[in-house]
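Before any comments, here is the structure.
Computation of the quantities below employed the complete heavy-atom set of this structure, encompassing side-chain atoms and omitting hydrogens, waters and symmetry-equivalent molecules. Source: prediction; values computed, not measured.
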Amino acid sequence: MIDLKLLQKEFDTVSKKLMRKGVDEKLLEKVKVKFEELKEAKVNFESLQAAQNAMSKEFGVYKREGKDISELKAKVDENKIHIADALEVQRLRQEELEKIAMAIPNIPDDDVPDGEDEESNVELGRVLTPKEFSFTPKEHWELAEQNGWIDFERGVKLAGSRFSVAYDMGAKLERALINFMLNYNAKKGYTEVSVPHIVNRKALEGTGQLPKFEDDLYKIEGQELFLIPTAEVPLTNLFQDEIIPADNLPIKMTGYTSCYRKEAGAAGRDTRGIIRQHQFHKVELVCITKPEESEAVFDDMVNTASEILTALELPHRLVNLCTGDLGFGAAHTTDIEVWLPGQNTYREISSISNTRDFQARRAKIRYKNGKKNELVNTLNGSSLAVGRTIVAIMENYQNEDGSISIPEVLKPYMGM
RNA sequence: GGAUCUUUGGCAGAGUUGGUCGAAUGCACCGGUCUUGAAAACCGGCGAGGGUCACACCUCCCAGGGUUCGAAUCCCUGAGGGUCCA
């Protein structure tokens, strides 16, 4: 949720920034008006309520003094009707406002580059040089089938398209990577947390997946529960409605979960292989910080994810997302793209975002700054998407005969 | 599963003939006096959210609903905890 007070006070500045992200200025004006109307309704309701309270107190006095209360009662009864009306008005306006305000994305930072889509993303740097192959490197699905690591047909049999089954070294690699990543993150000061894979609506509203992106979520029939699309949701919402002592910040967490996504808007994209699955494994980083320290923590998260790739000797690059490619809740995002020689391109393997106070405002996560309660900053990032890491390992570690070597650092995790 | 009791501020714990209760008291905590420093003692402050320049004011005594001019206090439903019976 954006800061409505800020929108009201500095409409021109805020709307200009949001227009960079394609938000219609008319919509923002509407939000501003609705916000003012809501405040008005609140003041109205509260003053009626105050009058009611005062009269009720008088009642006590009258009774004790044995005075006649019929006139006062008439007044109070009339006021009651007004209160009911005022409350209804307030409720409606609140609903109206929330409906549109909740669908407004976060304000992008000033240094986020302009752009429609990923074409305008800005490369920040490269780590490791892709190696030259003496043969034409294959794509991962081919290697996966050839080595018997991944079974696409039986995944479809069990659950449908975009599901797959991992076997043998493919399955072991999954497990090894998860452990390796979690251990690495723990060493960097991130506390390991194991969370539910099913969450309620409030949690998803807190992190911004709802109400706007319900189509992308798997919902449990008959219940207001959803499968998580990322561990970011439960990890961030651990602190929903809490006021955290300043000394406890920053909170740095890492967690492994499966992630479940309908991929509603992705028809036809990445249909081969395991780049885009309905269920995939991911190790996530989530941090909760004071506003002034969030950028330092952000850098640490990017480094942590990048270091894992470096340890796996996978070439990658860092990319600063442009306004058009930025997610709903992010103020700015750095993607890490790993080199895939089979596809001869870099593909996203991690996305690290600073949402600043956008999620904190929705989820009411605050901290005690002296005497005042202030919103925290929340950050999230993958470190890393496990399936895509396997893809990267397959393509980068392939040999001419189609076999695949195992990265040195993973061998201990695979009983080798 | 049945009966009964219970659910209050960081903790403990008053508050059930409904009104002056957002709530006594103790502990904890913060500030001060005293002290070389600390402890003790004494003085002062001290629930949360919204709102305001600051007040005022609104909301919150497990959750939700109801009765009433007015509810922490009464009624209903649900959840957690205790005890007894199965």
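- A heavy-atom distance below 4.5 Å is found between the side chains of A:Glu395 and A:Val391.
- A gap of 13 Å separates the P atoms of B:rA23 and B:rA56, to the nearest Å.
- The shortest distance between side-chain heavy atoms of A:Arg93 and A:Lys42 does not fall below 4.5 Å.
- Comparing B:rA71 with B:rC60, their P atoms sit 9 Å apart, to the nearest whole Å.
- With a 4.5 Å cut-off on side-chain heavy atoms, A:Ile275 and A:Arg347 count as touching.
- Look at CZ on A:Arg91: it is 18 Å from P on B:rU59, rounded to the nearest Å.
- Between A:His278 and A:Phe163, the ring planes lie tilted relative to each other; the angle falls in the 30° to 60° range.
- Looking only at side-chain heavy atoms (C-beta outward), A:Lys80 and A:Gln52 come within less than 4.5 Å of each other.
- Counting heavy atoms from C-beta outward, A:Ser164 and A:Gln277 have side chains that approach closer than 4.5 Å.
- Between the P atoms of B:rA28 and B:rA41, the separation comes to 9 Å (whole Å).
- The gap from the C1' atom of B:rG9 to that of B:rG15 amounts to 14 Å, rounded to the nearest Å.
- With P as the reference atom, B:rA79 and B:rU20 are 33 Å apart, rounded to whole Å.
- Across all strands shown, B:rU68 forms no Watson-Crick or G-U wobble pair with both key distances under 3.5 Å.
- Remark: A:Lys39 in residues 28-42 of chain A come within less than 4.0 Å of RNA chain B through at least one heavy atom.
- By the 4.5 Å heavy-atom criterion applied to side chains, A:Pro229 and A:Leu204 are counted as neighbours.
- The interatomic distance linking A:Leu48 (CG) with B:rC58 (C1') rounds to 12 Å, in whole Å.
- Comparing B:rC42 with B:rA48, their C1' atoms are spaced 31 Å from each other, to the whole Å.
- With a 3.5 Å ceiling on both atom-pair distances, the Watson-Crick or G-U wobble partner of B:rA3 is B:rU83.
- The gap from the P atom of B:rG22 to that of B:rC57 amounts to 11 Å, rounded to the nearest Å.
- One interatomic measurement links the two molecules: CZ of A:Phe45 to C1' of B:rG51, which rounds to 14 Å at whole-angstrom precision.
- Sparse packing is recorded around NZ of A:Lys30, with 12 or fewer heavy atoms of other residues, nucleotides or ligands lying under 6.0 Å away.
- When each of A:Ser47 and A:Glu58 is assigned the nucleotide of RNA chain B bearing its nearest heavy atom, the one mapping closer to the 5' terminus is A:Glu58.
- Atom CD in A:Gln8 sits roughly 11 Å away from atom P in B:rG51 (whole-Å rounding).
- Rounded to an integer number of Å, the gap from CD of A:Gln94 to C1' of B:rC58 is 14 Å.
- Distance, A:Gln90 CD to B:rG50 C1': 11 Å, rounded to whole Å.
- Counting heavy atoms from C-beta outward, A:Met414 and A:Leu173 have side chains that approach closer than 4.5 Å.
- Protein atom NZ of A:Lys202 is 13 Å distant from nucleotide atom P of B:rA63, rounded to whole Å.
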Interface polar pairs with nucleotides 66-73 of chain B, N/O, under 3.5 angstrom:
| from | atom 1 | to | atom 2 | distance (Å) |
| --- | --- | --- | --- | --- |
| B:rC69 | OP1 | A:Lys73 | NZ | 2.5 |
| B:rC69 | O2' | A:Gln52 | NE2 | 3.3 |
| B:rC69 | O2' | A:Ser56 | OG | 3.0 |
| B:rG70 | O4' | A:Ser56 | OG | 3.3 |

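- Using Watson-Crick or G-U wobble geometry with both donor-acceptor distances under 3.5 Å, B:rC55 finds no partner in any strand shown.
- The pairing partner recorded for B:rU33 is B:rA41, the criterion being a Watson-Crick or G-U wobble arrangement whose two distances lie under 3.5 angstrom.
- Pairing for B:rC60 goes to B:rG47, judged as Watson-Crick or G-U wobble with the two contacts each under 3.5 Å.
- Nucleotides B:rC62 and B:rU73 have their C1' atoms positioned 16 Å apart, rounded to a whole Å.
- In this structure, A:Leu249 and A:Thr289 have side chains that are not in contact, with every pair of non-hydrogen atoms separated by 4.5 Å or more.
- Checked for salt-bridge contact, A:Glu337 and A:Arg126 miss the test: no charged N lies under 4.0 Å from a carboxylate O.
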